[in-house]
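These numbers come from the heavy atoms of this one structure, side chains and all, not from hydrogens, waters or symmetry mates.
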Amino acid sequence: MAIIAPFCGLRYNTARISRMEDVVTPPYDVIDEKAQQDYAEKNPYNMVQLDLSKHIDPGIPLDERYAKAKGLFEEWQQEKILVRDGAPALYLYQIEYIHPSGRRLIRKGLVTLVQLAEFSEGIVKPHEKTFREVTGDRLCLLDTCKTQFSKIFSLYSDEKGEIITCLEKACPTEPLYTLADNDGNLHTVWAITERSTLNKVKDLFRDKSL
């Protein structure tokens with residue numbers, strides 16, 4: 001029984017950031033040293049400043065690295081670069097991309113809170129292999145900033161597509177963001193706040209594992 005919950009997302013303020021392409025990044029673990037520098041130069045509020053990359057400067061103490069991210073994170077909230085939504089939501093997220101065959105496809109998912117579970121319960125299943133250095137780095141960043149900057153990608157089975165269909169029916173006309181990444185993929189995010197929809201999706205997850 002997977003337990004999910006809506007939440008009030010903390011996200012970039014479109015009144016302060018005119019081009020989302022300048023502040024978003026791919027997952028931290030695929031950003032090499034050159035890309036890290038390029039992202040930082042795009043915009044002083046680029047997410048690489050908070051989420052950090054896996055490339056660690058040996059001249060900077062680790063504690064200082066995380067403390068700097070925490071300081072910037074607090075400043076960005078004070079400056080209203082990052083603002084929190086006023087109502088709990090599930091966030092419908094779709095990516096349009098080109099398959100190697102040349103077909104243009106759409107992958108749909110959602111961003112939500114998930115209650116963790118013991119491995120033996122078989123509800124939230126772990127990654128097939130992790131590395132202590134990597135998990136230690138992410139844990140220190142999470143512990144210092146008290147915020148999850150990188151979403152954890154999970155899969156679930158839904159042969160009839162009930163969950164996404166339910167979210168799409170309650171989807172507002174205007175998305176929160178639409179932007180193209182460096183690979184030409186189109187990312188779009190909507191906030192779903194309708195109470196009945198949130199409850200229905202929560203119920204649909206009760207017989208699923210992640």
Exercise for review: Indicate yes or no for a side-chain donor-acceptor contact from Lys80 to the backbone of Gln77 under 3.5 Å, with no hydrogens or angles considered.
Suggested key: no
Review point. If only atom types and distance count, is the side chain of Asn43 paired as donor or acceptor with the main-chain N or O of Tyr45 below 3.5 Å?
Key: yes
Check your understanding: Is Tyr156 linked to Phe7 within one hydrophobic cluster, defined over Ile, Leu, Val, Met, Phe, Trp and Tyr using a side-chain heavy-atom separation of less than 4.5 Å?
Key -> no
Review point. Does a donor on one side chain and an acceptor on the other come within less than 3.5 Å for Asp85 and Tyr91?
Key: yes
Exercise for review: Determine, step by step, whether Asp203 and Lys200 satisfy the salt bridge (charged side-chain N to carboxylate O under 4.0 Å, His left out) criterion, reporting the C-alpha distance in whole Å, the side-chain angles of both residues, the deciding distance to 0.1 Å, and the verdict.
Suggested key: CA-CA 5 Å; Asp203 288 340; Lys200 183 175 180 180; over 6 Å; no
Study note, to complete from the structure: Residues Glu96 and Arg104: closest non-hydrogen pair is OE1-NE, 3.6 Å
Check your understanding: If two hydrophobic side chains count as joined below 4.5 Å and joins carry through other members, does Val111 share a cluster with Leu198?
Key -> no
Exercise for review: Considering only NZ, NE, NH1 and NH2 on the basic side and carboxylate oxygens on the acidic side, decide whether Asp29 and Arg138 come within less than 4.0 Å.
Suggested key: no
Practice item. Measure from the side-chain N and O atoms of Thr144 to the backbone N and O of Leu141, and report whether any donor-acceptor pair falls under 3.5 Å. Key: no
Exercise for review: Over 60° means perpendicular and under 30° means parallel, so classify the ring planes of Phe149 and Phe73, tilted if in between.
Suggested key: perpendicular
Point to revise | Ring centroid separation Tyr177 to Tyr12 under 6.0 Å | key: no
Review point. Is there a donor-acceptor pair closer than 3.5 Å between any side-chain N or O of Arg16 and the backbone N or O of Glu79?
Key: yes
Review point. What's the spacing between Leu82 CG and Trp76 CH2 if we round to 0.5 Å?
Key: 6.5 Å
Check your understanding: Is a side-chain donor or acceptor of Arg84 paired with a backbone partner of Cys8 at a separation under 3.5 angstrom?
Key -> yes
Exercise for review: Flag yes if Leu110 and Leu210 sit in one hydrophobic cluster, no otherwise; membership is Ile, Leu, Val, Met, Phe, Trp, Tyr, and two members link when side-chain heavy atoms are under 4.5 Å apart.
Suggested key: yes
